[in-house]
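Scroll down for the structure; my scribbles are underneath it.
Given the structure is predicted, the values throughout are model-derived calculations rather than measurements. Residue numbers start from 1 in every chain, and the chains themselves are labelled A, B, ... in the order their sequence lines are given, proteins ahead of strands.
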2 protein chains.
Amino acid sequence: MPEKGLLIVLSGPSGVGKGTVRKEIFSQPDTAFEYSISVTTRKPRAGEVDGVDYFFRTREEFEEMIRHGKLLEYAEFVDNYYGTPVDYVRQTLDEGKDVFLEIEVKGARQVREKFPEGLFIFLMPPSLSELKNRIVTRGTETEDIIHNRMLTAREEIEMMELYDYVVENDQVELACERIKAIVVAEHCRRERVEKRYKKLLEVD
Amino acid sequence: MPEKGLLIVLSGPSGVGKGTVRKEIFSQPDTAFEYSISVTTRKPRAGEVDGVDYFFRTREEFEEMIRHGKLLEYAEFVDNYYGTPVDYVRQTLDEGKDVFLEIEVKGARQVREKFPEGLFIFLMPPSLSELKNRIVTRGTETEDIIHNRMLTAREEIEMMELYDYVVENDQVELACERIKAIVVAEHCRRERVEKRYKKLLEVD
């Protein structure tokens with residue numbers, strides 16, 4: 001049996017650009033991990049293909065998947081369900097391939113409970129890294145703006161707590177490079193490599 | 001005060017090619033970390049420059065450095081001392097720059113005690129990764145060879161225990177890429193980033 005693949009979960013605040021980063025990663029020919037296609041009950045948009053962009057299902061079909069435990073995570077947005085089929089994820093990991101999910105923060109929390117050993121990456125809005133500058137130049141902004149900015153920052157930092165890594169989305173290409181570096185590094189983690197070799201020694 | 005740099009320690013079994021990997025890393029223009037030059041009592045070889053290849057010191061000078069706690073780690077090989085000056089390391093880290101050490105396993109153990117938060121990378125001989133093949137094709141080798149191979153493998157795996165990451169030196173360029181990816185990933189670790197932002201919030 002091959003060594004299990006890594007489950008890579010990319011998430012972050014809504015509007016941070018998760019989809020753009022994911023598309024860029026999978027447009028690169030050297031990307032060595034598999035994208036887990038989501039299931040949704042929303043109607044396909046022009047050009048969207050079932051089994052490529054999404055698995056398009058009816059509300060009844062989706063709710064049956066929920067009842068039968070076929071979803072690793074799911075959530076409802078604007079009257080439509082979105083979810084991650086668990087069979088594809090488990091099967092691909094068992095084949096020794098890394099699987100990449102791009103999901104909402106709420107879904108990431110559900111996945112963490114089921115796959116605590118997954119690799120959780122928080123995509124950080126660049127505005128958060130500008131926080132320092134904003135504080136420094138605070139004389140130029142009203143107290144209300146500063147107060148709201150700090151509230152949002154606090155919420156975003158609290159969201160991070162679930163994650164192993166934080167990647168700033170200052171430039172899409174840079175964010176992709178960092179995500180790929182994280183995956184390479186994780187494959188070199190001592191616990192992972194050592195376990196594999198210790199098993200080989202036992203065989204002897 | 002800038003955020004502290006990372007202390008990167010590359011080590012591994014003797015003969016694994018640590019020096020070759022280190023030279024390749026520092027020949028690359030995009031390498032963003034500083035190399036900590038070692039002190040030695042051995043005589044300079046043709047072409048070696050004091051303060052570039054090594055700091056060349058007399059035995060008396062070296063022993064004075066030991067007595068005054070000026071060395072982060074040191075060891076004696078073939079009647080010569082080799083060591084890492086602690087002042088350079090601390091100062092460069094305080095400037096917010098990452099420092100790279102390439103040292104023997106014994107020295108790495110000393111550094112781990114003083115800098116437990118350092119990034120310890122074990123350079124693995126490719127022979128260890130061939131272990132599996134050797135076991136599979138074991139019919140073709142004598143029992144003695146297999147036994148010795150397993151003993152060495154066991155020793156090398158035990159050495160790993162101190163380290164955070166294991167990088168296989170199958171190809172120098174690949175090993176360098178993995179080491180650089182590890183440094184990028186470590187800079188994205190949530191604990192590191194989060195601490196920085198939480199500090200900013202406290203300022204407010």
When you look at [atom1] of [X], are more than 12 heavy atoms from neighbouring residues, nucleotides or ligands closer to it than 6.0 Å?
| X | atom1 | result |
| --- | --- | --- |
| B/Y74 | OH | no |
| B/K114 | NZ | yes |
| A/R196 | CZ | yes |
| A/R109 | CZ | no |
| B/K195 | NZ | no |

Under 4.5 Å from any heavy atom of chain B - which part of A/E161: both
So how far is it from [X] [atom1] to [Y] [atom2], rounded to the nearest 0.5 Å?
| X | Y | atom1 | atom2 | answer |
| --- | --- | --- | --- | --- |
| B/Y165 | A/H187 | OH | NE2 | 12.5 Å |
| A/Y197 | B/M160 | OH | CE | 6.5 Å |
| A/K198 | B/R154 | NZ | CZ | 10.5 Å |

Check against side chain to side chain contact (heavy atoms under 4.5 Å, CB included), B/E194 and A/F122: CA-CA 11 Å; B/E194 189 186 44; A/F122 185 86; over 6 Å; no
Side-chain touch B/D164/A/R190, heavy atoms, less than 4.5 angstrom: no
Side chain to side chain contact (heavy atoms under 4.5 Å, CB included), paired with B/C188, selected from A/V167, A/V166, A/I121: A/V167
Atom of A/V184, atom of B/A181 and distance for their closest heavy-atom approach: CG1-CB, 3.7 Å
